[in-house]
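This one's a predicted model, so the numbers in the text were calculated from it and none came from an experiment.
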Amino acid sequence: MNFSFFIALVFAFQSLYAIPLLEQFKQAGYLEMCDKNHGAVAFDALYVHFDALIEFLQTNPVWAQKLYIAKERFIRSHDRNYYSTDFFGFYDESERAGRNQISFYYSTHFHAFICYHYPEFNHVPEIIRFFEACLEIQKPYGNLFNEAAAELGLETIFSSQYGHPPILLKVIKYLPSYVATKPHYDGTAFSLFLDSTDNQSLLLSSYKSSFTVDDFSPALRKFSRDDNQNSILLIPGVLLTEFSIYPTPHIVTQSGHIRHATIAFAMRPEYISQKNDFAPLPNFTRPAQ
């Protein structure tokens, strides 16, 4: 673990907020931290690789189909159970009205699976460069998720043969015609908003028994997106509900221009999701600010 990041993490949990993490989630819905591992330079490079991957897959449908087949094979493998989800790989919703976004769900096991079972992917620069960039970005955050779980008294929720939390890294490109009409809860233990080229478009609310549109607002950030540091937000997802920790609903609003974002999802190994009834979320019709 990068020492400067460890210091920032301890500072965030113990000093910057003079209240426990659980209370921080209840009051604000999120915890902000300063990430000195990756700043705008690293994420802007990741988005260059992502745009190159998008162009390659959209203009080479045979390779897009190969990647889809690899994903389908992976979700039938034992390693899929470590993540307790079927969300992996490339999702092109650029032509889907309202959605108008393109995303990739990356994991280290999916990366290794593809490189081993489909060695031809290792010779496609657009694919392998993106995978390698995701791998580098993801590295520090397993320790952060472990620290957050320990702070909440949940040291064992990530226990597995691998010794670290299962992490999905989601990289997203929002197109100008993207529209979101309703907030959502993440199906994760924790979600970590690592970067966005438009932080003001992310609106959140702490959990309540009922919601209105006016409950949602941008995070109050003490840190900024600079070349060598970033403001990151940690929120709880639905997979902590059994511990009376309720998820933070959020929405990315329409802005009319292209944006990129990166989120790290901490999942729960070998976990079967329970059905929960959460507070209904409002239709979101307020125009972008």
Quiz item: Do Leu240 and Leu22 belong together in a cluster built from hydrophobic side chains that touch within less than 4.5 Å?
Solution: yes
Could you pull out every donor-acceptor pair under 3.5 Å between side chains of residues 166-173 and any protein atom, sequence neighbours left out?
residue: Lys170; atom: NZ; partner: Tyr105; partner atom: OH; Å: 3.1
residue: Lys173; atom: NZ; partner: Asp51; partner atom: OD1; Å: 3.4

Quiz item: Residues two or more places apart in sequence or in another chain: which of them pass side chain to side chain contact (heavy atoms under 4.5 Å, CB included) with Ala150?
Solution: Glu155
Practice problem: Mark yes when over 12 heavy atoms from residues, nucleotides or ligands other than Asn228 sit less than 6.0 Å from its CG; otherwise mark no. | Solution: no
Quiz prompt | Pairs touching residues 62-79 that satisfy salt bridge (Lys or Arg N to Asp or Glu O under 4.0 Å), sequence neighbours left out | solution = none
Quiz item: Can you check whether Phe110's main-chain N or O pairs, donor with acceptor, with Ser107's side chain at less than 3.5 Å?
Solution: yes
Self-check item: Test salt bridge (Lys or Arg N to Asp or Glu O under 4.0 Å) applied to Lys139 - qualifying residues, sequence neighbours left out
Solution: Glu136
Quiz prompt | Residue pair Asn230 / Phe43, side-chain heavy-atom distance below 4.5 Å | solution = yes
Quiz item: Taking the six-membered ring for Trp, are Phe131 and His49 ring centroids under 6.0 Å apart?
Solution: no
Self-check item: Donor-acceptor under 3.5 Å (Gln24 side chain, Gly29 main chain)
Solution: no
Quiz item: Under 4.5 Å between any side-chain heavy atoms of Leu154 and Ile245, yes or no?
Solution: yes
Quiz item: In terms of the angle between their ring planes, are Phe190 and Phe25 parallel, tilted or perpendicular, with boundaries placed at 30° and 60°?
Solution: tilted
Exercise. Scan side-chain atoms only and decide if Thr188 and Ser191 contain a donor-acceptor pair under the 3.5 Å cut-off.
Key: yes
Exercise. Give every residue pair that meets the salt bridge (Lys or Arg N to Asp or Glu O under 4.0 Å) criterion with at least one member in residues 88-103, sequence neighbours excluded.
Key: Glu93-Arg96, Glu93-Arg99
Contacts table for residues 262-276: side-chain donor-acceptor under 3.5 angstrom, sequence neighbours left out:
residue: Thr262; atom: OG1; partner: Tyr47; partner atom: OH; Å: 2.9
residue: Arg268; atom: NH1; partner: Leu239; partner atom: O; Å: 2.8
residue: Arg268; atom: NH1; partner: Glu242; partner atom: OE1; Å: 2.9
residue: Tyr271; atom: OH; partner: Glu242; partner atom: OE1; Å: 2.8
residue: Gln274; atom: NE2; partner: Ile272; partner atom: O; Å: 2.9
residue: Asn276; atom: ND2; partner: Gln274; partner atom: O; Å: 3.1

Self-check item: From CZ (Phe243) to CD1 (Ile157), nearest 0.5 Å
Solution: 6.0 Å
Practice problem: Return yes if some donor-acceptor pair links the side-chain N/O of Ser201 with the main-chain N/O of Val252 below 3.5 Å, else return no. | Solution: no
Quiz item: When you look at His250 and Ile235, which way does the side chain to side chain contact (heavy atoms under 4.5 Å, CB included) test go after all the steps?
Solution: CA-CA 10 Å; His250 52 283; Ile235 68 168; 3.6 Å; yes
Quiz prompt | Same apolar cluster: Ile128 and Val124, side chain cutoff 4.5 Å | solution = no
Exercise. Please list, chain by chain and in numerical order, all residues satisfying salt bridge (Lys or Arg N to Asp or Glu O under 4.0 Å) with Arg259, sequence neighbours excluded.
Key: none
Quiz prompt | Thr212 and Asp214 side chains, donor-acceptor separation under 3.5 Å | solution = no
Quiz item: If you take all heavy atoms of His123 and Pro119, which pair is closest and at what distance?
Solution: CD2-O, 3.6 Å
Quiz item: Do the side chains of Asn199 and Arg221 get nearer than 4.5 Å, heavy atoms only?
Solution: yes
Practice problem: Nearest 0.5 Å please: distance from the CG atom of Leu194 over to the OG atom of Ser196. | Solution: 11.0 Å
Quiz item: So if you build clusters from Ile, Leu, Val, Met, Phe, Trp, Tyr with side-chain heavy-atom gaps below 4.5 Å, do Tyr68 and Tyr116 land together?
Solution: no
Quiz item: Does one side chain, of Tyr141 or Asp35, offer a donor that lies under 3.5 Å from an acceptor on the other?
Solution: yes
Exercise. Just grab all the salt bridge (Lys or Arg N to Asp or Glu O under 4.0 Å) pairs involving residues 187-201, residues at least two apart or on different chains.
Key: Asp195-Arg225
Exercise. Kindly check if the number of other-residue, nucleotide or ligand heavy atoms within 6.0 Å of CZ (Phe87) is above 12?
Key: no
Quiz item: Of all residues at least two apart in sequence or in a different chain, which pass the ring-ring contact (aromatic ring centres under 6.0 Å, His included) check with Tyr83?
Solution: Phe88, His109
Practice problem: Work out which heavy atom in Lys182 is nearest to a heavy atom in Pro282; give both atom names and the distance. | Solution: CG-O, 3.3 Å
Quiz prompt | Sidechain-backbone polar pair: Ser160 side chain, Tyr162 backbone, donor-acceptor under 3.5 Å | solution = yes
Quiz item: Are the side chain of Glu32 and the backbone N or O of Lys222 linked by a donor-acceptor pair below 3.5 Å?
Solution: yes
Quiz item: So do the side chains of Asn100 and Ser94 get within less than 4.5 Å of each other, counting heavy atoms only?
Solution: no
Quiz item: If you look at every heavy atom in Thr248 and Ser205, which pair is closest and at what distance?
Solution: CG2-O, 3.2 Å
Exercise. Ignoring hydrogens and angles, tell me if any N or O in the side chain of Asp44 forms a donor-acceptor pair with the backbone of Val41 under 3.5 Å.
Key: no
Quiz prompt | Partner residues of Glu55 under the salt bridge (Lys or Arg N to Asp or Glu O under 4.0 Å) criterion, sequence neighbours left out | solution = none
Exercise. State the CG-OH distance between Leu202 and Tyr30, to the nearest 0.5 angstrom.
Key: 10.0 Å
Self-check item: Gap separating the CZ atom of Phe121 from the CZ atom of Phe113, nearest 0.5 angstrom
Solution: 10.5 Å
Exercise. For the pair Ile102 and Gln58, evaluate side chain to side chain contact (heavy atoms under 4.5 Å, CB included) and give the outcome as yes or no after the intermediate values.
Key: CA-CA 11 Å; Ile102 306 168; Gln58 288 181 336; 3.7 Å; yes
Exercise. Compute the centroid of each ring, for Phe90 and then for Phe130, and state whether the two points are separated by less than 6.0 Å.
Key: no
Quiz item: Distance only, no hydrogens: is a donor on one side chain within 3.5 Å (strictly under) of an acceptor on the other, for His260 and Tyr174?
Solution: no
Quiz item: Do the ring planes of His164 and Tyr82 sit parallel (below 30°), tilted (30 to 60°) or perpendicular (above 60°)?
Solution: perpendicular
Quiz item: So Phe278 and Tyr185, would you call those rings parallel, tilted or perpendicular, with 30° and 60° as cut-offs?
Solution: tilted
Quiz item: Can you tell me how far the CZ atom of Phe193 sits from the CG atom of Asp186, to the nearest 0.5 Å?
Solution: 5.5 Å
Exercise. Go through Leu135 and Thr108 one step at a time and tell me if the side chain to side chain contact (heavy atoms under 4.5 Å, CB included) criterion holds.
Key: CA-CA 7 Å; Leu135 176 63; Thr108 55; 3.7 Å; yes
Self-check item: Set of ring-ring contact (aromatic ring centres under 6.0 Å, His included) partners for Tyr246, sequence neighbours left out
Solution: Tyr207
Practice problem: Would you check, one step at a time, whether the test side chain to side chain contact (heavy atoms under 4.5 Å, CB included) holds for Asp215 with Ser206? | Solution: CA-CA 8 Å; Asp215 290 320; Ser206 57; over 6 Å; no
Quiz prompt | Sequence-distant partners of Asp86, salt bridge (Lys or Arg N to Asp or Glu O under 4.0 Å), two or more places apart | solution = Arg80
Quiz prompt | Shortest non-hydrogen contact between Phe216 and Pro249, atoms and distance | solution = CE2-O, 3.6 Å
Exercise. Give, for atom CG of Asn122 and atom CD1 of Ile114, the distance between the pair rounded to the nearest 0.5 Å.
Key: 9.5 Å
Self-check item: Residue pair Gly142 / Pro165: nearest heavy atoms and the distance that separates them
Solution: O-CG, 3.6 Å
